[in-house]
Participant: 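Starting off with a structure, shown below.
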Amino acid sequence: MLRLKSLEITNIRSVEHMTLDVDPDGTTALYGPSGVGKSGILDALPWCLWGDTGSAGSAAALRREGSTEPAQVTATVLIGSDEVVAVRRITRSESGVESASAKLWINGVKQSNVTPASLTRIITELTGLTAKTFRGAFYMAQGQLTELMTGTPAKVQETFEELTGLDDLTKRIQGLREQCKDATVRAEALPGDPAEVTRTAADAKEAGTESDRLQHESNRAAADAAAARTIWDTANGQAKELQRAERAARDSREAVVGAQALAADAAQAVDAARQRLRDLGEATSGDHQSQGVAARKACTDLEHAIGELTRRGTELGSAAGQESSARTAAEQARAAHAAVDPDALAAAVTAGQAEVEAARSAHQQALRAAHVADAAVAQRDEAIATLSRAMNAAVCPTCRQDVGDVAALIDEQRAILDQARSEAAAAHQKATALDRALLDTETRLRTAHDALANVDSLARVAEHAEAASSAATRHADRTAAALAELVAAHQNAPAPAGRDEIHRAALTVHEQLTAQLATARTVATAWNALADAFTRATAAGERVEMARAAVVDAPSPTDVAAAESREATARVALDAAQARAADAAAQAQAARATAMQLDGIADDAATRWELKREAAEKAEIARIARDIGIALRRDLLAEYCATISAAATDILTRLGGEHVGFVIDETFVPQVVLPDGTTRATRQLSGGEKARAAVCAFIGFSRQLAGGGKPGMLFADEITASQDEAFRRDMLTMLRALEMPMIVVSHTADVLDIASRVIRLQRPPLGSTQLAAA
């Protein structure tokens with residue numbers, strides 16, 4: 001049982017924003033003139049709960065015209081004992097694309113991960129209703145009752161099927177009829193013959209037997225070719241083995257000759273290396289390895305000595321440069337300090353302070369003169385304004401004396417004002433000039449102050465520069481002494497004195513060591529060459545011995561020729577066997593292709609027959625499904641008619657009156673039952689009688705869709721529209737007697753008589769729907 005408590009609508013149909021509080025246990029009237037948007041408000045509820053857009057066709061079409069803000073509906077409903085709050089919202093992007101979102105609370109607990117689709121599913125599970133079922137069971141639309149009671153059987157059938165949901169089954173049956181028809185035509189049109197299947201299968205079997213026979217012959221020829229291949233492989237292997245042995249014997253003899261040649265070359269290289277050492281004055285009779293090591297050590301020692309000498313010389317050059325730079329800096333610092341006169345700077349500071357005081361005093365006087373001139377200008381402005389206000393007076397408003405010509409007095413004051421303004425401008429200009437002069441004087445004073453403060457700093461800089469120069473000189477002397485000691489050690493002579501003498505001596509020693517290093521490197525290279533020659537000679541001797549040990553005997557030429565002859569004979573036999581096997585394989589392949597072709601023809605015939613047989617089975621299945629659907633619709637129709645008729649009769653008899661029953665059957669002619677058992681079609685009844693019968697029938701539909709239980713809240717949309725007063729009175733009396741919660745939409749005041757709550761609506765021209773004052 002679904003009952004509405006409140007509905008908040010934003011940008012839907014003609015509503016910009018509105019909140020409706022509904023009586024969930026009574027009758028709520030939505031009352032207002034035609035065109036105010038009452039039906040649009042009711043459309044908001046099924047869209048919020050199920051996403052059903054009704055006649056709008058899409059959610060975007062429900063959006064209030066001209067609105068780009070989000071469109072949203074919040075519905076608070078009672079479902080049994082649960083209070084459910086559902087929110088459905090659509091938002092339009094800058095590109096015009098609409099996106100939907102949803103939220104849900106059940107008994108105050110917010111549900112997580114709710115999407116528009118899951119909201120529809122949850123509401124359907126909670127209520128047991130789809131959107132279509134809701135509209136059919138609880139929503140009486142405009143003109144629907146009239147169509148049900150006075151329409152033609154075809155129109156009544158259409159309404160009946162929509163309300164009960166049989167329209168889907170009817171459409172399904174029609175589709176099954178079309179499927180049955182199409183399946184039957186297809187089965188009859190498809191080719192297929194069981195006799196053809198038998199004939200093609202026999203042809204394929206005969207071709208398969210012939211293919212098997214030829215394949216057997218091909219396999220036998222292939223076996224003969226394989227045996228011939230084995231014989232040839234054996235003969236070929238034997239011939240190749242003898243040929244390899246013959247080549248190996250020849251290669252082993254050639255290897256001995258090559259190793260002996262390499263050994264001779266290595267011996268010549270040893271003799272040449274010995275001769276080179278003798279030419280260099282080296283004795284070659286000792287251990288050449290230790291002598292080579294000693295030569296390489298001599299090179300290393302000379303390289304170290306040259307490096308140390310170079311490092312010491314570089315240090316001396318760097319120290320001398322530092323000494324020169326320090327001496328120059330000291331001289332410059334002393335010159336800068338000597339160039340400064342402290343007494344003259346002190347006198348300049350004293351004079352500058354006096355100039356600043358004088359300039360500051362003159363600037364203050366100029367500012368005061370400018371202020372006086374500004375006051376005079378303001379005074380004259382005020383006097384002219386006062387005289388202007390007294391143009392028509394006979395006395396001066398300031399001194400209260402009689403004034404014969406005020407205009408002349410104003411002109412006189414204006415002349416004085418112009419003079420005062422000129423004087424004020426000149427005073428301001430003078431004050432500005434004196435301000436700039438004061439700034440210049442203060443700048444000169446700060447400069448003199450800074451110069452006087454720098455006198456002591458220059459003295460300290462000179463002292464530091466002289467100390468640095470002395471330190472650089474001492475470092476250069478220490479570096480020169482170390483270089484002199486190194487030169488004396490290499491010359492075995494007293495150390496030279498003086499930096500120039502030390503430098504020349506160091507260059508001489510460097511040249512001597514460099515020449516010795518070149519000679520030592522030549523000797524070391526010669527010893528290395530002798531060591532390499534000895535190594536190659538030893539290796540060459542070892543290869544000669546290995547080659548001699550590897551010499552093998554060659555096979556007999558007669559044996560080689562006999563093996564080659566056997567291989568040639570076996571090759572001829574192999575070629576002949578392979579040719580016979582190829583012919584047999586070609587015949588077998590052709591027979592196999594023919595068999596496969598006939599198999600394909602037989603398969604095609606079987607497939608055509610199978611397709612035709614399956615199509616016939618499908619046609620029979622479609623016919624059975626059609627017949628089942630027709631029978632199901634007939635049974636459901638009978639059940640629905642009986643259930644609806646019984647429910648409508650129950651309500652009709654409880655309301656009292658001359659009609660004691662309601663009947664609708666497969667003829668779709670609604671009828672009422674009179675006390676004597678006779679029936680009368682509802683289209684023959686008066687307006688009030690039709691209203692009673694229509695409402696009873698509708699509630700019968702509602703009970704049937706609700707599974708026989710008590711329906712929830714009913715929604716009646718202008719069900720008395722275009723009817724006379726008597727019809728409206730009968731209908732409202734009928735609704736009051738039902739004692740069911742409902743929302744009634746009407747533009748006539750009659751509905752106010754049965755409403756427990758009234759919501760009045762209004763809509764200004766070109767405006768949105770609004771709540772009207774009570």
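Positions are given from 1, in the same order as the sequence printed here.
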Participant: Can any side-chain N or O of S67 pair as donor or acceptor with the backbone N or O of R64 at less than 3.5 Å?
Facilitator: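 No, because the side chain of S67 does not come within donor-acceptor range (under 3.5 Å) of the backbone of R64.
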Participant: Has Q589 got more than 12 heavy atoms of other residues, nucleotides or ligands less than 6.0 Å from its CD?
Facilitator: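 12 or below, so no.
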Participant: Answer yes or no: is there a donor N or O on one side and an acceptor on the other, between the side chain of T28 and the main chain of V22, under 3.5 Å?
Facilitator: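 Checking the backbone N and O of V22 against the side chain of T28, no donor-acceptor pair under 3.5 Å is found.
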Participant: For D676, does the CG atom sit with more than 12 other heavy atoms under 6.0 Å from it, leaving out its own atoms?
Facilitator: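 More than 12 heavy atoms, drawn from other residues, nucleotides or ligands, come within 6.0 Å of this atom.
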Participant: Between R623 and E620, is there a salt bridge with N-O shorter than 4.0 Å?
Facilitator: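 R623 and E620: salt-bridged.
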Participant: Side chains of D25 and P741: closer than 4.5 Å at any heavy-atom pair?
Facilitator: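 Contact flag for D25/P741 side chains = no.
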Participant: Counting C-beta onward and ignoring hydrogens, is there a side-chain heavy-atom pair between T679 and V672 closer than 4.5 Å?
Facilitator: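 T679 vs V672: side chains apart.
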Participant: Below 4.0 angstrom, N of the basic side chain to O of the carboxylate: do K38 and E718 qualify?
Facilitator: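 So K38 pairs with E718 through a salt bridge.
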Participant: Taking W105 for its side chain and T76 for its backbone only, find out whether a donor-acceptor pair lies under 3.5 Å.
Facilitator: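 Such a contact is absent between W105 side chain and T76 backbone.
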Participant: Strictly by modelled atom types, are D583 and Q587 linked by a side-chain donor-acceptor pair under 3.5 Å?
Facilitator: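 Side chains of D583 and Q587: no pair found under 3.5 Å.
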Participant: Consider only side-chain N and O atoms of Q72 and R88, and report whether a donor and an acceptor are under 3.5 Å apart.
Facilitator: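 Per modelled atom types, Q72 and R88 side chains form no pair under 3.5 Å.
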Participant: Please list, chain by chain and in numerical order, all residues satisfying salt bridge (Lys or Arg N to Asp or Glu O under 4.0 Å) with E206, sequence neighbours excluded.
Facilitator: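 By the salt bridge (Lys or Arg N to Asp or Glu O under 4.0 Å) rule, E206 matches no residue at all.
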Participant: Does R580 pair with D224 as a salt bridge, N-O distance under 4.0 Å?
Facilitator: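 Not counted as a salt bridge, because no side-chain N and carboxylate O are separated by less than 4.0 Å.
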Participant: Would you mind reporting whether L761 and R763 have side-chain heavy atoms less than 4.5 Å apart?
Facilitator: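 SC-SC contact between R763 and L761 ruled out.
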Participant: Is there side-chain contact between L42 and V745, with at least one heavy-atom pair below 4.5 Å?
Facilitator: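 Result yes, sub-4.5 Å side-chain heavy-atom pair found.
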Participant: In sequence, state the C-alpha distance, the side-chain angles, and the governing distance for K132 and D52, and then conclude on salt bridge (charged side-chain N to carboxylate O under 4.0 Å, His left out).
Facilitator: CA-CA 8 Å; K132 182 176 181 180; D52 177 49; over 6 Å; no
Participant: Can a donor-acceptor pair be found, under 3.5 Å and without considering hydrogens, that links the side chain of N219 to the backbone of Q215?
Facilitator: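 A pair under 3.5 Å: yes.
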Participant: Can a salt bridge be assigned to the pair E65 and R13 using a cut-off of 4.0 Å between side-chain N and carboxylate O?
Facilitator: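 Between R13 and E65 there is no salt bridge, as every charged N stays at least 4.0 Å from the carboxylate O atoms.
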Participant: Kindly determine whether I664 and Y640 satisfy side-chain contact (heavy atoms from CB on, under 4.5 Å), including the steps that lead there.
Facilitator: CA-CA 9 Å; I664 187 170; Y640 289 172; over 6 Å; no
Participant: Determine whether a donor-acceptor pair (N or O, by modelled atom type, separation under 3.5 Å) exists between the side chain of N11 and the backbone of R63.
Facilitator: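 No; zero donor-acceptor contacts below 3.5 Å.
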Participant: Look at E158 together with K155 and state whether they make a salt bridge at an N to O cut-off of under 4.0 Å.
Facilitator: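 Salt bridge: yes.
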Participant: Taking it one step at a time, do L45 and L7 satisfy side-chain contact (heavy atoms from CB on, under 4.5 Å)?
Facilitator: CA-CA 8 Å; L45 178 61; L7 199 63; 4.2 Å; yes
Participant: The test is salt bridge (charged side-chain N to carboxylate O under 4.0 Å, His left out); show your working for R92 and E69 and say whether it passes.
Facilitator: CA-CA 7 Å; R92 178 176 294 175; E69 296 299 316; over 6 Å; no
Participant: Yes or no on salt bridge (charged side-chain N to carboxylate O under 4.0 Å, His left out) for R613 and E617, after CA distance, side-chain angles and deciding distance?
Facilitator: CA-CA 6 Å; R613 187 183 60 77; E617 290 180 355; 2.5 Å; yes
Participant: On the 0 to 90° scale, with breaks at 30° and 60°, tag the F668-F160 ring pair as parallel, tilted or perpendicular.
Facilitator: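 Aromatic pair F668/F160 classed perpendicular.
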Participant: Counting N and O atoms only, with roles assigned by atom type, does the side chain of E188 sit under 3.5 Å from a partner on the main chain of V185, one being a donor and the other an acceptor?
Facilitator: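 No, E188 side chain to V185 backbone: no donor-acceptor pair under 3.5 Å.
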Participant: Taking the side chain from S211 and the backbone from A207, do they hold a donor-acceptor pair closer than 3.5 Å?
Facilitator: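 Checked: no pair found.
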Participant: Just by distance, with hydrogens left out, do S14 and T769 show a side-chain donor and acceptor under 3.5 Å apart?
Facilitator: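 There is such a pair between these side chains.
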Participant: Under 3.5 Å, side chain of D717 to main-chain N/O of S39, donor-acceptor pair present?
Facilitator: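 It does not hold such a pair.
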Participant: Using a 4.5 Å cut-off on heavy atoms from C-beta on, say whether the side chain of E83 contacts that of I106.
Facilitator: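 No, too far: nothing below the 4.5 Å cut-off.
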Participant: Got a donor-acceptor contact below 3.5 angstrom from the T209 side chain to the K205 backbone?
Facilitator: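 A pair under 3.5 Å: yes.
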Participant: Give a yes or no on whether the backbone of T120 and the side-chain of T124 come within a donor-acceptor separation of less than 3.5 Å.
Facilitator: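 Checked: pair present.
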Participant: Would you say that Q174 contacts L176 through its side chain, given a criterion of any heavy-atom pair below 4.5 Å between the two side chains?
Facilitator: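 Q174 does not reach L176 side chain to side chain.
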Participant: Under the side-chain contact (heavy atoms from CB on, under 4.5 Å) criterion, do V84 and I123 qualify, and how do the steps go?
Facilitator: CA-CA 9 Å; V84 176; I123 293 297; 4.2 Å; yes
Participant: Could you tell me whether F715 and F134 have their ring centroids closer than 6.0 angstrom?
Facilitator: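 Centroid separation for F715 and F134: below 6.0 Å.
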Participant: Do L30 and I41 have side chains that approach each other closer than 4.5 Å (heavy atoms only, starting at C-beta)?
Facilitator: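 L30 vs I41: side chains touch.
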Participant: Does atom CZ of R680 have more than 12 heavy-atom neighbours from other groups under 6.0 Å away?
Facilitator: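 No, because the 6.0 Å sphere around CZ of R680 holds 12 heavy atoms or fewer from other groups.
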Participant: Indicate yes or no: does K612 engage D193 in a salt bridge with an N to O separation below 4.0 Å.
Facilitator: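 A salt bridge is absent here (no side-chain N lies under 4.0 Å from a carboxylate O).
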Participant: Salt bridge between E666 and R634, side-chain N to carboxylate O under 4.0 Å?
Facilitator: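 No.
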Participant: Under 3.5 Å, is there a donor on one side chain and an acceptor on the other for T170 and R633?
Facilitator: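 Side chains of T170 and R633: pair found under 3.5 Å.
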Participant: Thinking salt bridges, do E125 and R121 make one under a 4.0 Å N-O criterion?
Facilitator: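 R121 and E125: salt-bridged.
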Participant: Take atom CZ of R3 as the centre, draw a 6.0 Å sphere, and report whether it contains more than 12 heavy atoms from other residues, nucleotides or ligands.
Facilitator: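 More than 12 within 6.0 Å, yes.
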Participant: Does a side-chain heavy-atom distance below 4.5 Å link M713 with I743?
Facilitator: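 Yes - at least one pair of side-chain heavy atoms lies under 4.5 Å apart.
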